[in-house]
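Beneath this line is the structure, given in structure tokens, with notes to follow.
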Amino acid sequence: MTAWSYSSIKTFDQCPKKYFHLKIVKDVKDTPGEAADYGTAVHEAAEHYVKYGTPIPEKFAYMRPIVEPLAAKEGAKHTELKLGVRKTDTGYEPTTFFAKDVWWRGIVDLLIVDNDIAFMIDYKTGKNAKYADMKQLDLMAGAIFVHFPEVQKIKSALAYVVSNEFPKKVHLREKQDKYFSVFDEQLDQLDAAIGNGVWNPKSGPLCGWCPVVSCEHYKPPRRR
């Protein structure tokens, strides 16, 4: 059974050939750019404020109205929480992030557990929430229900810290299995690709930034 995450299945959906080179043969690396470095810095600033009370740097001052109320919420707070889920014949079980039998893995930016209700936040540094993908929250919610049996309801949100937008969703324990099934079609396609060894490339607007420069669709990005 192939271990997967939200980011890995999105890579496969974007281009099976890219997935093959990054995740299977691992003969190329996807080097983070400035946007990724910026996102990492934002996540660290939010995490350190909630966890240690470290003041948010002035360059990220726009985050304070978002992060400060979260830090003030009642409940046990978990930052950058790594979760692993094992899939069995009878359902889903908790396991560690790097366990040999892990089926799904992910990292929750901020989880606040207050008795049977939890608050889950995933920070985003995009310009706006136009392309927000709520499936990411679904997967995280499913994993939280597996790891925290006392939680019955999760109030989830993607926190776009730049545009101050909060796409929200309420997740309920009775729908746990449904949350894990949001990428079933892509997972079936991934299993088929692994089985038959066929990794067809897909052409798209991000081909110029793909690390698989040997691909027939690769074109160096235009410089302005």
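None of the values given here were measured: they were computed from a predicted structure.
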Give a yes or no on whether [X] and [Y] share a hydrophobic cluster (residues Ile, Leu, Val, Met, Phe, Trp, Tyr; joining criterion: side-chain heavy atoms under 4.5 Å apart).
{"X": "L111", "Y": "M140", "value": "yes"}
{"X": "F12", "Y": "V25", "value": "yes"}
{"X": "L158", "Y": "V162", "value": "no"}
{"X": "V50", "Y": "M63", "value": "yes"}
{"X": "V212", "Y": "I24", "value": "no"}

### Message
Checking S8 against K23 for the side-chain contact (heavy atoms from CB on, under 4.5 Å) test, could you report, in this order, the C-alpha distance in whole Å, the side-chain angles of both residues, the deciding distance, and whether it holds?
### Response
CA-CA 8 Å; S8 70; K23 304 294 184 180; 4.1 Å; yes
When rounded to the nearest 0.5 angstrom, what is the spacing between [atom1] in [X] and [atom2] in [Y]?
{"X": "I144", "Y": "L139", "atom1": "CD1", "atom2": "CG", "value": "11.0 Å"}
{"X": "D116", "Y": "E150", "atom1": "CG", "atom2": "CD", "value": "9.0 Å"}
{"X": "Q176", "Y": "S181", "atom1": "CD", "atom2": "OG", "value": "11.0 Å"}
{"X": "H171", "Y": "D138", "atom1": "NE2", "atom2": "CG", "value": "4.0 Å"}
{"X": "D191", "Y": "L187", "atom1": "CG", "atom2": "CG", "value": "7.0 Å"}
{"X": "I154", "Y": "L172", "atom1": "CD1", "atom2": "CG", "value": "9.0 Å"}

Decide whether a cation-pi geometry holds between [X] and [Y]; the criteria are a distance under 6.0 Å from NZ or CZ to the six-membered ring centre and an angle within 45° of the ring axis.
{"X": "R173", "Y": "F145", "answer": "no"}
{"X": "K135", "Y": "F183", "answer": "yes"}
{"X": "K73", "Y": "F119", "answer": "yes"}

Measure across [X] and [Y] and return the closest heavy-atom pair with its distance rounded to 0.1 Å.
{"X": "K17", "Y": "W199", "result": "CB-O, 3.7 Å"}
{"X": "F97", "Y": "I107", "result": "CE1-CG1, 3.9 Å"}
{"X": "A141", "Y": "Y179", "result": "CB-CD1, 4.4 Å"}
{"X": "R86", "Y": "P94", "result": "NH1-O, 3.5 Å"}
{"X": "P211", "Y": "V28", "result": "O-CG1, 4.0 Å"}
{"X": "C210", "Y": "Y218", "result": "O-CE1, 3.5 Å"}

### Query
Do NZ/NE/NH1/NH2 and the carboxylate oxygens of K87 and D101 come within less than 4.0 Å?
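Answer for the salt bridge query: no.
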### Message
Salt bridge or not between E58 and R64? Use side-chain N to carboxylate O under 4.0 Å.
### Response
yes
### Message
As a quick check of understanding, evaluate side-chain hydrogen bond (donor to acceptor under 3.5 Å, both in side chains) for D13 and Y19, giving each step before the final call.
### Response
CA-CA 9 Å; D13 196 37; Y19 180 97; over 6 Å; no
### Query
Between the side chain of H147 and the main-chain N/O of A143, is any donor-acceptor distance below 3.5 Å?
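No, H147 side chain to A143 backbone: no donor-acceptor pair under 3.5 Å.
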Can you find a pair of side-chain heavy atoms, one from [X] and one from [Y], that are under 4.5 Å apart?
{"X": "D30", "Y": "K18", "value": "yes"}
{"X": "D109", "Y": "T79", "value": "no"}
{"X": "T95", "Y": "V85", "value": "no"}
{"X": "I117", "Y": "Q152", "value": "no"}

### Message
Filter on ring pair (Phe, Tyr, Trp, His ring centres under 6.0 Å), then keep only pairs touching residues 58-78, sequence neighbours left out; what's left?
### Response
Y38-F60, H78-F148
### Task
Show your working on side-chain contact (heavy atoms from CB on, under 4.5 Å) between W4 and I9 and close with a plain yes or no.
CA-CA 7 Å; W4 66 287; I9 202 65; 3.8 Å; yes
### Query
Are Y160 and F166 close enough that their ring centers fall under 6.0 Å?
no
### Query
What about the rings of Y92 and W103, do their centers lie closer together than 6.0 Å?
yes
Heavy-atom count check: over 12 atoms from other residues, nucleotides or ligands less than 6.0 Å from [X] [atom1]?
{"X": "E174", "atom1": "CD", "result": "yes"}
{"X": "K77", "atom1": "NZ", "result": "yes"}
{"X": "K169", "atom1": "NZ", "result": "yes"}

### Message
Between V161 and V42, is the side-chain contact (heavy atoms from CB on, under 4.5 Å) condition met? List the steps.
### Response
CA-CA 9 Å; V161 295; V42 165; 4.1 Å; yes
I'd like a table of donor-acceptor pairs (distance under 3.5 Å, sequence neighbours excluded) in which one partner is a side-chain atom from residues 121-130, with atom names and distances.
residue : atom : partner : partner atom : Å
D122    : OD2  : K124    : NZ           : 3.2
K124    : NZ   : Q136    : OE1          : 2.8
N128    : OD1  : K130    : N            : 3.0

### Message
side-chain contact (heavy atoms from CB on, under 4.5 Å), that's the test. Do M134 and L137 meet it? Break it down for me.
### Response
CA-CA 5 Å; M134 306 304 281; L137 292 179; 3.6 Å; yes
